[in-house]
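Okay, structure first, notes after.
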Amino acid sequence: MGLVFRNETFRDDFTYKNSPEGVKRFPFPFPEDKYMYSVNMEPHTPGPKGSVFEHLIDIDEHYVSEMRDRALVLQQDPKRCQALPHMMTAQWDMLELIMTSMASSHPEHFTLSRNGDDWHWINRPLGIDQKFRFGDASTLPYEPMEYIGRQCQGDFSIQDQRDNQLWMDAGIITSQADWSLDFDVGMNFHEWHGPVPLAHQAGVFDRALKFLLNLQYGQPTRRFNWTMTINPRLDTSPENYHKWGTDRTTVTPENVGEKVHLRVELQALFRLPRSNAILFSIRGYLISMEQLVTVPKWARRMHRVLKTLPPELADYKGLTRYRDTTIEWLSKYDDGAPTTPGWGPE
Amino acid sequence: MSISPVRRMRVAEVERVASRIKRFRLVDAAGHDLPAFSGGAHVVVGMKKGDHLLRNAYSLMGAPGDTSSYQISVLRTEDSRGGSAFMHEEVEVGSEIEITGPVNLFPIAKMGRRHILLAGGIGITPFMSMMHELSAQGADFELHYGVRSFEQGAYCDHLKAQYGDRVRLYQSDKGEKLPLERILEDQPLGSHMYVCGPKPMIDWALNLGRTVGWPEEALHSERFGAPAAGTPFVIKLARSQREIRVGPHQSILEALEQNGIDAPYLCRGGACGQCETAVVACDGPLQHNDHYLTDDERRSEKKIMICVSRTSGSSLTLDL
């Protein structure tokens with residue numbers, strides 16, 4: 001049985017919503033009632049059927065609408081997709097990883113046939129049928145990263161590895177939580193994490209870098225990150241801050257439930273075979289507070305996490321303006337009962 | 001920290017390519033495609049002889065995009081701990097062996113404008129795949145390859161035929177010496193140097209490179225060879241409360257594996273840092289043979305790279 005793709009928007013009238021099944025598989029990111037940074041990385045191994053971990057690359061009911069939104073962003077701002085010249089091999093690695101994963105996880109929607117370097121890709125939901133030669137970018141309508149990036153949910157950056165460092169030398173980033181590829185491209189791991197508070201002192205980034213430099217092919221790793229977004233808007237980029245920054249002032253006790261969204265990023269890291277580069281996928285999930293509180297454990301825990309969040313983190317994540325209003329609204333759903341560890345429903 | 005998944009391979013071809021060097025072509029035992037890899041990558045081959053387990057790292061030599069088979073070359077060493085003798089004497093067409101990887105700890109610097117490859121003896125192997133890659137990209141490169149004699153050097157004919165003037169051979173039986181000073185002194189900005197060969201050659205190339213002003217980021221090396229031998233000792237595992245004997249020609253990592261304990265590793269050559277282990281107690285000096293820990297870390301005697309380092313004392317307690 002194939003996925004049923006929703007027809008929805010992430011701008012203007014914001015019709016995005018999760019189906020009841022979509023709520024059930026939402027990757028709620030808090031294993032306990034308090035949040036603090038950690039190197040919370042674990043092997044990106046296949047998880048339970050139906051979960052966001054079932055496949056290496058998760059495709060869901062929002063696929064078609066998200067790809068439509070990405071095309072709009074790229075049309076208005078082509079700099080959201082950039083690759084330095086030495087990253088071409090890595091672009092092909094990325095295309096291979098995504099096409100093989102999508103074709104094997106959803107054969108009813110995607111088909112890949114390979115005969116040596118002659119490849120044939122069929123993407124039924126987006127109506128694409130493309131024959132091309134692997135390794136020859138002139139046989140695709142876009143460079144390989146952009147080509148497949150326009151057909152796969154989630155943002156992607158590709159890191160070159162040299163001098164015991166990772167360098168963000170390519171990416172297609174259209175649904176980011178307030179950071180800019182155009183600003184970060186060419187930076188190293190420590191540089192692009194520069195603005196993150198508290199974690200540097202804890203040595204988090206030194207440990208994470210060391211771990212990633214030895215990341216092996218076939219053993220991807222994953223972690224969660226999260227923030228909050230007003231309205232189900234994918235493109236909360238610095239470039240478009242003028243379009244969404246003021247949304248934060250529109251939250252009232254009456255509209256918290258529909259306006260305030262938890263935004264979870266399932267971040268996965270893959271060693272790429274031919275280029276020895278590392279692919280970083282940032283797969284975002286949005287859920288409104290009114291949908292989130294339909295799971296009682298999540299409602300209690302969301303309330304407690306927001307209440308105890310250090311102010312530096314609340315500021316960094318841009319929550320300060322509407323945090324109190326949201327805590328107040330969530331308090332109605334927190335009866336003080338204890339919660340079980342782990343992120344699944346009780 | 002996870003351990004590499006093991007892949008069973010079948011030997012499809014064995015060829016003697018020099019007096020003491022054999023080339024092995026390996027295919028997936030179940031007939032699957034293999035992962036592509038990048039120039040300079042290696043695999044670790046696991047060898048079981050009776051209850052004796054050995055793992056050696058070998059560079060992949062074929063074309064990086066060839067997913068039908070992997071090729072490695074094995075030099076039969078005089079003071080073999082058993083690995084190269086096993087490969088030479090017991091592995092034949094049809095044999096099955098286990099590998100992990102590929103892993104690349106000796107990659108091409110993609111931003112390099114010119115690539116100077118320096119090989120000594122069996123140190124040629126990582127450059128075989130690197131040259132495939134450089135050549136396919138139309139990159140500017142040259143190989144300087146020192147061998148004892150034409151007969152003892154592997155792939156001399158093949159390399160000359162494939163890459164022509166980009167390859168310079170130096171035969172020590174003819175009194176030819178790799179003219180490193182001249183090579184390193186006169187290279188344009190953006191050049192990168194890669195060296196693989198016997199330890200003295202690597203040290204010579206790196207030191208000379210630094211002396212004539214090459215930036216550290218442009219100097220690359222890969223070391224190979226067995227972990228240094230020493231006196232036997234006992235390791236005590238603080239967490240699992242076990243005691244394991246480490247033989248004179250065995251590394252700590254090998255002794256652990258022999259006893260069914262999986263510890264993380266990648267390079268098995270003291271370079272990558274993956275097997276760093278905390279030392280709880282030690283009744284004699286540590287012998288650090290790695291290239292990873294800083295001088296301060298060595299002096300602290302709190303950490304050890306168990307793939308190559310050992311102790312001259314009688315026991316060592318590790319946080320394992």
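Protein chains get the first letters and strands the later ones, always in sequence-line order, with residue 1 at the start of each.
- Identified by a heavy-atom distance below 4.5 Å to chain A, the contributing residues of residues 104-111 of chain B are B:N104, B:L105, B:P107, B:K110, B:M111, in residue-number order.
- Using a 4.5 Å cut-off between heavy atoms, B:Q137 contacts chain A through its side chain alone, with no backbone atom that close.
- Environment of CG in B:N207: crowded, with over 12 heavy atoms of neighbouring residues, nucleotides or ligands closer than 6.0 Å.
- For chain B, the option among A:R162, A:M87, A:R274 with the highest count of heavy-atom pairs below 4.5 Å is A:R274.
- Using a 4.5 Å cut-off between heavy atoms, A:D163 touches chain B through its side chain atoms alone.
- Of the listed residues (B:E217, B:E216, B:E133, B:H220), the one with the most heavy-atom contacts under 4.5 Å to chain A is B:E217.
- Residue contact with chain B, scored on non-hydrogen atoms closer than 4.5 Å, involves the side chain of A:T89 exclusively.
- For CZ of B:R113, the number of neighbouring non-hydrogen atoms (other residues, nucleotides, ligands) closer than 6.0 Å is 12 at most.
- Inspection of non-hydrogen atoms places B:P35, B:A36, B:F37, B:S38 of residues 33-45 of chain B under 4.5 Å from chain A.
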